[in-house]
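Numbers here are sequence positions counted from 1. Scope of the values below: all heavy atoms of this structure, side chains included, with no hydrogens, waters or symmetry mates.
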Amino acid sequence: MSQQGEKPSDRQEDDGWGDLYADWSEGRSEDPAPAGDSDTVDDRFVSAATVTDTGTSEAGPVEPPEAPVPAPRPAEPAVVPPPWQPAGSSTGPRTFRLGRPARARRERAEAGEPPVVAHVGDRPPTYEAEPTALPAADPEALAELVPDTVLDGARYGTSVLRAVSTRGDSARYRGEHRGDALLTVRFGGGDDALVLVALATGARGSATARPDAVEATRWIAGAVGRSHARLAGDIRAARRGDLKSGLHRLTDRGLGMLRARAGEAPPEHPVSLRCLLLPADPACRTRVFFGVGDGGLFRLRDGEWQDIEPRATDAAGEPVMGFGSPPDASVPDDPQAGEPGIAAPPSPYEPAREQPRDPFRFRASVARPGDTLLLCSRGLAEPLRGERALAAHLTSRWSEGPPGLAAFLADATVRVKGYSDDRTAAAVWEA
């Protein structure tokens, strides 16, 4: 060792490192004999280096581990090009150039398609065209929620059916439920099947208007379904009298049930119920309408609309109280009875007179090829009668044949200022 403060020479440093690693630096493979069973890091390093260089160890040759066999790669699924892509082209992402609205309108005009009409008349309606507010929901009565719009359609025999029911502008703005109800059902199969379209509108201002309308359509559908075989036979045989009397009884029972459920003061007209029976037999072109209450029944024939709603005076027999007779407007001659022009109050000794009700309406007509029969609630019947532009628009749209469901929805909801009630309609095109 060097004295304190003395710098060791380079030779002394080299001798120390050389004594420790001389064997490896000079390439010798043997260590000085260790004392006893020593197991140092140097011993393990020499053993590992020996095995790596020669592939052997003291115990003998070391077999190299077998290489793992790679698992076969799963077959890639075949890439099916989309239908708009030409055969043999690349299947990578593609971009599509969207045309401008003006170009789309020009192409529709060149193809002969009529332009989309949002409203008719001199001025646009007050309310917005799209729904604004949703009805308030009760978490305990979610089954009573009603969709804004329902749409349906079918094809049977020689007829094509389209049906729609949608909230009016006023209900959409105020967040009220759709009060109209629509039900389209088929009973039976094959040529013996019978299609029923039932639409109902509850009484204005009634808290149970919507439930009453739904109940009326379901009740009449159940009654018709239980008697559909007999009704289909009567329609094919043109037994008009049997049809009218039987359907009158069924309708009275259903509406009578609603009046009884209303309690001591039933409304004058609990619902307006209007139905259409369509046989599926291609050889039978008889279409049967029946119902009670407001609405409309129209026929588009040879490019002109015909209002074929049965009148109240079309009921058979003399007018009777409770069956559509006009209210008693007589004025008593006795000046003590009251002021002129004011009816006398009812006597407490006479039974109360039954409140007049809407007459039962019935019509069985034979359709011609090219006809379009339209059954609708008052929400569409009133503007169709009051606005000629709407009738002209529907004539241009429906004269060439039945539209698709989306096009029918757009046609049936063309708005007219001053008419904002719910709209429900069913149209039948005859081939």
Participant: Stepwise, does the side-chain contact (heavy atoms from CB on, under 4.5 Å) test hold for Leu394 with Leu384?
Facilitator: CA-CA 9 Å; Leu394 295 182; Leu384 193 57; 4.0 Å; yes

Participant: From Leu276 CG over to Phe289 CZ, what is the distance, rounded to the nearest 0.5 angstrom?
Facilitator: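 Result: 8.5 Å between the selected atoms.
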
Participant: Write down the atom of Arg285, the atom of Ala431, and the distance for their closest heavy-atom approach.
Facilitator: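 In this case the closest contact between Arg285 and Ala431 is NH2-O, 2.7 Å.
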
Participant: For Arg301 versus Val366, what's the shortest heavy-atom pair and its separation?
Facilitator: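 Shortest heavy-atom separation between Arg301 and Val366 comes out as NH2-O, 3.9 Å.
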
Participant: Once rounded to the nearest 0.5 Å, what's the spacing between atom OG1 of Thr208 and atom CG of Leu258?
Facilitator: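 Separation between the atoms: 8.5 Å.
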
Participant: When Leu182 is tested against each of Val214, Thr217, Val150, Thr166 for side-chain contact (heavy atoms from CB on, under 4.5 Å), which residue passes?
Facilitator: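 Between Leu182 and the candidates, side-chain contact (heavy atoms from CB on, under 4.5 Å) is satisfied uniquely by Val150.
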
Participant: If you draw a 6.0 Å radius around CZ in Arg385, do more than 12 non-hydrogen atoms from other residues or ligands fall strictly inside?
Facilitator: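 Result for CZ/Arg385: enclosed.
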
Participant: Would you confirm whether Trp429, through its side chain, and Arg162, through its main-chain N or O, come within 3.5 Å as a donor-acceptor pair?
Facilitator: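 No, Trp429 side chain to Arg162 backbone: no donor-acceptor pair under 3.5 Å.
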
Participant: Do you see a donor-acceptor pair shorter than 3.5 Å between the side chains of Ser165 and Arg178?
Facilitator: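 Yes, because at least one side-chain N or O of Ser165 sits under 3.5 Å from a partner of the opposite role on Arg178.
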
Participant: Verify, without hydrogens or angle tests, whether Asp422 (side chain) and Gly179 (backbone) share a donor-acceptor contact under 3.5 angstrom.
Facilitator: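 Yes; at least one donor-acceptor contact below 3.5 Å.
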
Participant: Where do Ala412 and Leu380 come nearest, in terms of heavy atoms and distance?
Facilitator: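 Here Ala412 and Leu380 meet closest at O-CD1, 4.2 Å.
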
Participant: Identify the heavy atoms of Leu145 and Ala137 that sit nearest to each other, and give their distance.
Facilitator: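 Shortest heavy-atom separation between Leu145 and Ala137 comes out as CD2-CB, 3.8 Å.
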
Participant: Rounded to the nearest 0.5 Å, how far does CZ of Arg230 lie from CG of Leu243?
Facilitator: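 So the gap between those two atoms works out to 9.5 Å.
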
Participant: So which heavy atom on Ala213 is nearest to which on Val271, and how close?
Facilitator: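 Reported closest heavy-atom pair: N-CG1, 3.8 Å.
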
Participant: What distance separates Thr372 OG1 from Phe298 CZ, expressed to the nearest 0.5 Å?
Facilitator: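 Between atom OG1 of Thr372 and atom CZ of Phe298 there are 13.5 Å.
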
Participant: Would you check if the side chain of Thr424 reaches a backbone N or O of Ser377 as a donor-acceptor pair within less than 3.5 Å?
Facilitator: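 Not at all, since once roles are kept as given, no pair shorter than 3.5 Å links the two residues.
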
Participant: Can you tell me if Gln306 has over 12 outside heavy atoms packed within less than 6.0 Å of its CD?
Facilitator: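 Yes, the 6.0 Å shell around CD holds more than 12 heavy atoms from other groups.
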
Participant: Verify, without hydrogens or angle tests, whether Arg287 (side chain) and Ala367 (backbone) share a donor-acceptor contact under 3.5 angstrom.
Facilitator: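 Not at all, since once roles are kept as given, no pair shorter than 3.5 Å links the two residues.
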
Participant: Check salt bridge (charged side-chain N to carboxylate O under 4.0 Å, His left out) between Asp234 and all other residues, then give those that pass, not counting sequence neighbours.
Facilitator: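 Salt bridge (charged side-chain N to carboxylate O under 4.0 Å, His left out) check on Asp234 returns Arg239.
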
Participant: Can a donor-acceptor pair be found, under 3.5 Å and without considering hydrogens, that links the side chain of Arg361 to the backbone of Pro310?
Facilitator: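 A pair under 3.5 Å: yes.
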
Participant: With a 3.5 Å distance limit and no angle check, can you tell me whether Ser245 reaches the backbone of Asp242 through a side-chain donor-acceptor pair?
Facilitator: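 Yes; at least one donor-acceptor contact below 3.5 Å.
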
Participant: Charged N to carboxylate O under 4.0 angstrom, Asp192 versus Arg236?
Facilitator: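 Yes, charged N to carboxylate O under 4.0 Å.
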
Participant: Is there a donor-acceptor contact under 3.5 Å from the side chain of Arg253 to the main chain of Leu255?
Facilitator: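 Side chain of Arg253 to backbone of Leu255, a donor-acceptor pair under 3.5 Å: no, none is there.
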
Participant: Look up atom CG in Asp212 and atom CD in Glu215, then write down how far apart they are to the nearest 0.5 Å.
Facilitator: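 Output value for this atom pair is 8.0 Å.
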
Participant: Is any side-chain heavy atom of Val224 closer than 4.5 Å to one of Phe187?
Facilitator: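 The answer is yes; the side chains approach within 4.5 Å.
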
Participant: So does Phe408 get a backbone contact from the side chain of Arg397, meaning a donor-acceptor N/O pair under 3.5 Å?
Facilitator: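 No; judged by distance alone, with no hydrogens or angles, the pair does not exist.
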
Participant: Taking the inter-plane angle between the rings of Tyr127 and Tyr173 on a 0 to 90° scale, is it parallel (under 30°), tilted (30 to 60°) or perpendicular (over 60°)?
Facilitator: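 Answer is tilted, since the angle falls between 30° and 60°.
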
Participant: Kindly say whether Glu128 contributes a backbone atom to a donor-acceptor pair with the side chain of Arg172 at under 3.5 angstrom?
Facilitator: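 It does not hold such a pair.
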
Participant: Inspect the contact between Glu309 and Arg274 and indicate whether a charged nitrogen and a carboxylate oxygen are less than 4.0 angstrom apart.
Facilitator: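 Looking at Arg274 and Glu309, the cut-off is met.
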
Participant: Does the side-chain contact (heavy atoms from CB on, under 4.5 Å) test come out yes or no for Leu194 and Ile235, once each step is laid out?
Facilitator: CA-CA 10 Å; Leu194 185 65; Ile235 293 175; 4.0 Å; yes

Participant: Please check: side-chain N/O of Arg423 versus main-chain N/O of Val414, any donor-acceptor pairing under 3.5 Å?
Facilitator: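 Between the backbone of Val414 and the side chain of Arg423 there is a qualifying donor-acceptor contact (under 3.5 Å).
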
Participant: How many angstroms lie between OG in Ser365 and CG in Leu297, if you round to the nearest 0.5 Å?
Facilitator: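 The OG atom of Ser365 sits 7.0 Å away from the CG atom of Leu297.
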
Participant: Over all heavy atoms of both residues, which pair between Ala221 and Val185 is shortest? Give the atoms and the distance, please.
Facilitator: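 Nearest heavy atoms, Ala221 then Val185: CB-CG2, 4.4 Å.
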
